[in-house]
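So the structure is just underneath, and the comments pick up after that.
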Amino acid sequence: MLDIEQYIREIPDFPKKGVSFKDITPLLAHPDALNTCAQELLNLTEMQPIDKVVGIESRGFFFATLLAERLGAGFVPIRKPGKLPFDTLKQPYTLEYGMDALEIHEDAIEKGDRVLVHDDVLATGGTAQAACRLVESLGGTIVQCNFLIELSFLKGARKLSKYEVRSVLTY
Ligand code: AMP
């Protein structure tokens, strides 16, 4: 059995002092680790019917796209302000190291769509919460929020308490 944790590199004090950054690039670069993670994330969904997988910029895009393909769903990007070219909906949020906002294309989710929200890391939960709000504003239903890594000591799952939250690895 492949040990996923071996492929996650800890970068102390990045992007600022006190943050221990979980760098998943070694994992992405390793074919078996990449495939194992995609499969484990897929297993978390228990193959519930999903119409759209929403990935959060930018590290959420990698596995959200793989998951969408494996689930037979569409992929929808949620991005930082000013990146999406069409009409957008915007949601401000706070994160472990600062304040930001996220945007989604207004036509990306159809009313009643069953949505899986994915990001690489769940830290304080502000980012995923903002993503869920955007999806719900467009009439989507959140089926699950899933993450490769949950930093449980930051209690992000509390902000997502009304949703099903699943993670491959918990620190
Ligand atoms: P949060 O809103 O605090 O849950 O932050 C989650 C977002 O910030 C995700 O998009 C992560 O990619 C990123 N992030 C936060 N903390 C870390 C960390 N320690 N290592 C890697 N990424 C992080």
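All ligand and atom numbering here is 1-based and tracks the order in the structure. Throughout, residue positions are numbered sequentially from 1 according to the sequence presented.
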Is I56 in contact with ligand 1, taking contact as a heavy-atom separation below 4.0 Å?
no
Under 4.0 Å, heavy atoms only, figure out whether ligand 1 is touched by the backbone of A128, its side chain, both or neither.
neither
Should you measure from each heavy atom of R59, which atoms of ligand 1 turn up under 4.0 Å away?
11 (C), 12 (O), 13 (C), 22 (N)
Do K52 and D113 sit within salt-bridge range, that is, some charged N less than 4.0 Å from a carboxylate O?
yes
At under 4.0 Å between heavy atoms, is it the side chain or the backbone of L151 that contacts ligand 1, or both, or neither?
side chain
Under 4.0 Å between heavy atoms, the region of D120 that gets near ligand 1 turns out to be side chain
Nearest 0.5 Å please: distance from the CD atom of E103 over to the CG atom of L89.
9.0 Å
Specify the closest pair of heavy atoms between P81 and D100, including all atoms of both residues, with the distance to one decimal.
CD-OD1, 4.0 Å
May I ask whether S20 places a heavy atom under 4.0 Å from ligand 1?
yes
Against heavy atoms of D119, which atoms of ligand 1 measure under 4.0 Å?
9 (C), 10 (O)
Under the rule for salt bridge (charged side-chain N to carboxylate O under 4.0 Å, His left out), what residues qualify as partners of R79, not counting sequence neighbours?
E57
Can you tell me which portion of T124 lies within the under-4.0 Å heavy-atom range of ligand 1? Options are side chain, backbone, both, or neither.
both
Would you say that V168 contacts I149 through its side chain, given a criterion of any heavy-atom pair below 4.5 Å between the two side chains?
no
Ignoring hydrogens and angles, tell me if any N or O in the side chain of Q144 forms a donor-acceptor pair with the backbone of L44 under 3.5 Å.
yes
Going by distance only, is there an N or O of Y93 that falls short of 3.5 Å from an N or O of ligand 1?
no
Can you list everything that forms a ring pair (Phe, Tyr, Trp, His ring centres under 6.0 Å) with F61? Sequence neighbours excluded, please.
F75
Heavy atoms only: which of T127, T94, I11, V19 lies closest to atom 7 (C) of ligand 1?
T127
